[in-house]
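Heads up: the structure comes next, in structure tokens.
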Amino acid sequence: MRCLRLPLAALAAALTIQAATVAGAETVPVPQPRPDTNVPDASAPNADAPNTGAPNAGAARADKPIETPLPQPATLAPSPDTVNPDRFGAKPPDAAYGAFQRGLYKTAYNLAIVRANNGDPAAQTLVAEILSRGLGVPLNAAEAAKWYGLAAEQGVPEAQFQYALMLLDGRYVKKDSKEAYALMQAAAEAGNRLAQFNFAQLLVQQDPGDAGLAMAAVYYERAAATGLADAEYAMAQIYANGAGGRPHDDAKARVLLAQAARQNYDTAQIDLAAWMIEGRGGERDLKSGFAWMKRAAEGGNVAAQNRLAKLYMGGIGTDPDLILAGAWYILARRAGLIDPQMDDFLQGLDDGQTKQALQKANRLR
């Protein structure tokens with residue numbers, strides 16, 4: 001079952017971060033979880049896309065690259081092949097968990113349901129996991145909620161986290177924000193990293209001020225220490241802005257951006273690319289900055305595609321290539337992004353160049 005998402009408006013307000021919009025044209029998705037935002041781009045000539053920017057030589061800095069809303073709550077669903085039975089409280093693994101790990105979901109369900117009915121909290125959590133994702137049995141979120149609730153009552157962190165999300169959502173159980181808060185906190189304190197990230201989001205939503213962000217930073221940091229990309233990016237923003245009681249530290253923020261970027265967190269890849277091109281938080285590295293922007297663009301991030309077009313156009317971190325510049329902008333424009341500067345650039349290509357750019361854009365899809 002995919003985890004539910006929480007509102008981020010309060011968090012954005014806490015950091016006084018503007019939502020990213022491209023010249024009022026389109027909203028660029030933040031990588032999800034993940035889950036699921038454009039301010040002027042300065043990583044290449046002119047401005048266009050969200051999250052960050054690297055100013056042109058002599059150009060006035062139009063934005064603070066890191067200033068974007070924090071990511072949506074973590075929504076990572078584990079691969080059935082890599083599920084650790086310990087997350088369900090099963091020590092040592094037994095036949096039900098062994099079957100689950102081998103992909104024998106119906107067998108796992110049949111073995112676990114007997115123990116679940118006898119009150120085994122680990123088996124209850126496993127049954128809920130199978131039902132919530134429809135693994136080997138029909139998907140039944142309402143029934144999964146029942147089992148998550150029973151296991152949560154017995155203190156299984158995974159069940160507490162999942163049931164808290166269901167209580168916040170209110171589709172399969174009666175909505176109860178107070179109980180959800182308590183369960184999310186319990187799971188976070190028990191070390192569940194997704195609960196730590198989501199509890200931090202709840203804290204900021206509850207108190208949008210710096211005091212709330214300071215409390216949330218404790219949990220963001222714990223989740224970041226486990227390698228959760230959402231939390232690494234959140235902490236990068238906190239250090240980049242000197243918020244939540246943390247000092248302004250671009251060097252630390254850049255390290256965190258790199259950690260999240262290596263996990264294919266595309267917003268972090270865009271920010272890291274711009275910081276490398278600008279020389280923020282470390283040495284200037286045009287080639288690496290170009291490579292990170294290209295990686296985000298190839299991953300489907302529309303803002304990165306437009307920025308990459310500008311890097312090709314200006315020969316920043318790569319050899320100038322007007323055809324590829326046109327191709328990447330065509331790709332971004334097809335997705336709804338409109339950049340007047342790049343529109344002018346396309347108009348300036350001759351018929352042959354335009355044809356080649358279109359052909360390359362078709363192959364980039």
Side-chain angles (χ1 to χ4, degrees), residues 20-26 28 38-68 254 257 261 266-361 363-364:
T21 51
V22 180
E26 116 284 5
V28 177
N38 291 341
V39 292
D41 174 17
S43 66
N46 229 341
D48 76 281
N51 310 319
T52 168
N56 298 324
R61 181 166 175 167
D63 66 337
K64 296 180 180 179
I66 197 69
E67 297 188 356
T68 59
R254 180 160 160 171
L257 284 177
D266 59 348
T267 308
Q269 291 170 347
I270 294 173
D271 287 351
L272 180 62
W275 282 37
M276 286 182 162
I277 291 169
E278 180 184 355
R280 180 175 175 183
E283 293 184 1
R284 197 176 190 207
D285 188 341
L286 299 182
K287 288 186 177 180
S288 294
F290 171 85
W292 280 113
M293 194 68 75
K294 188 170 185 285
R295 184 167 169 177
E298 290 174 340
N301 187 292
V302 178
Q305 291 169 350
N306 191 43
R307 289 182 174 212
L308 184 64
K310 291 186 173 184
L311 295 181
Y312 273 120
M313 182 176 68
I316 300 173
T318 188
D319 293 331
D321 191 322
L322 301 185
I323 305 304
L324 279 173
W328 280 106
Y329 177 61
I330 289 169
L331 203 64
R333 206 179 193 289
R334 285 173 177 170
L337 186 150
I338 299 175
D339 183 331
Q341 180 198 10
M342 294 306 293
D343 277 343
D344 289 344
F345 164 74
L346 277 184
Q347 295 280 342
L349 297 179
D350 60 35
D351 291 344
Q353 291 172 323
T354 300
K355 182 178 179 180
Q356 291 181 63
L358 284 168
Q359 291 172 340
K360 283 188 177 292
R363 289 195 293 269
L364 289 172

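- Of all the heavy atoms in Ala357 and Gly326, the pair that sits closest is CB-C, 4.0 Å.
- Looking only at distances, a side-chain donor or acceptor of Arg284 sits under 3.5 Å from a matching main-chain atom of Ile277.
- Lys294 NZ to Leu324 CG: the interatomic distance, rounded to the nearest 0.5 Å, is 8.5 Å.
- Ala361 and Ala327 get closest at one heavy-atom pair: CB-O, 3.6 Å.
- Other residues, nucleotides and ligands contribute only 12 or fewer heavy atoms inside 6.0 Å of the CG atom of Asp351.
- Between Gly289 and Ala273, the shortest heavy-atom contact is O-CB, 3.1 Å.
- Taking the side chain as every heavy atom from C-beta outward, Met276 and Lys287 never approach each other to under 4.5 Å.
- Using a distance-only test at 3.5 Å, with no hydrogens or angles considered, a donor-acceptor pair links the side chain of Gln353 to the main chain of Asp350.
- Looking at heavy atoms from C-beta onward, Trp328 lies out of side-chain contact with Asn306 at the 4.5 angstrom threshold.
- Using a distance-only test at 3.5 Å, with no hydrogens or angles considered, a donor-acceptor pair links the side chain of Gln269 to the main chain of Ala261.
- Put simply, the side chain of Arg254 gets close to the backbone of Arg280: a donor and an acceptor are under 3.5 Å apart.
- Applying the side chain to side chain contact (heavy atoms under 4.5 Å, CB included) test between Lys360 and each of Asp321, Ile330, Ile323 identifies Ile323 as the sole match.
- Of all heavy-atom pairs spanning Met342 and Ala309, the tightest one is CE-CB, 3.8 Å.
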For Trp292 and Ile270, what are the C-alpha separation, side-chain angles and deciding distance, and is it a side-chain contact (heavy atoms from CB on, under 4.5 Å)? CA-CA 7 Å; Trp292 280 113; Ile270 294 173; over 6 Å; no
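- Inter-residue side-chain proximity for Met313 and Gln341 is flagged as met; some heavy-atom pair is nearer than 4.5 Å.
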Are Leu346 and Thr354 close enough, and set up right, to give a side-chain contact (heavy atoms from CB on, under 4.5 Å), and what steps lead you there? CA-CA 7 Å; Leu346 277 184; Thr354 300; over 6 Å; no
Audit row: Met293, Phe290, side-chain contact (heavy atoms from CB on, under 4.5 Å) steps and yes/no: CA-CA 5 Å; Met293 194 68 75; Phe290 171 85; 5.8 Å; no
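- Between Asp343 and Arg333, the closest side-chain pair of non-hydrogen atoms falls below 4.5 Å.
- In this structure, the separation between CZ on Arg295 and CG on Asn301 is 13.0 Å, given to the nearest 0.5 Å.
- Looking only at atom types and distance, the side chain of Asp319 has no donor-acceptor partner in the side chain of Tyr312 under 3.5 Å away.
- The residues Asp339 and Lys310 are annotated as salt-bridged, a charged nitrogen and a carboxylate oxygen being separated by less than 4.0 angstrom.
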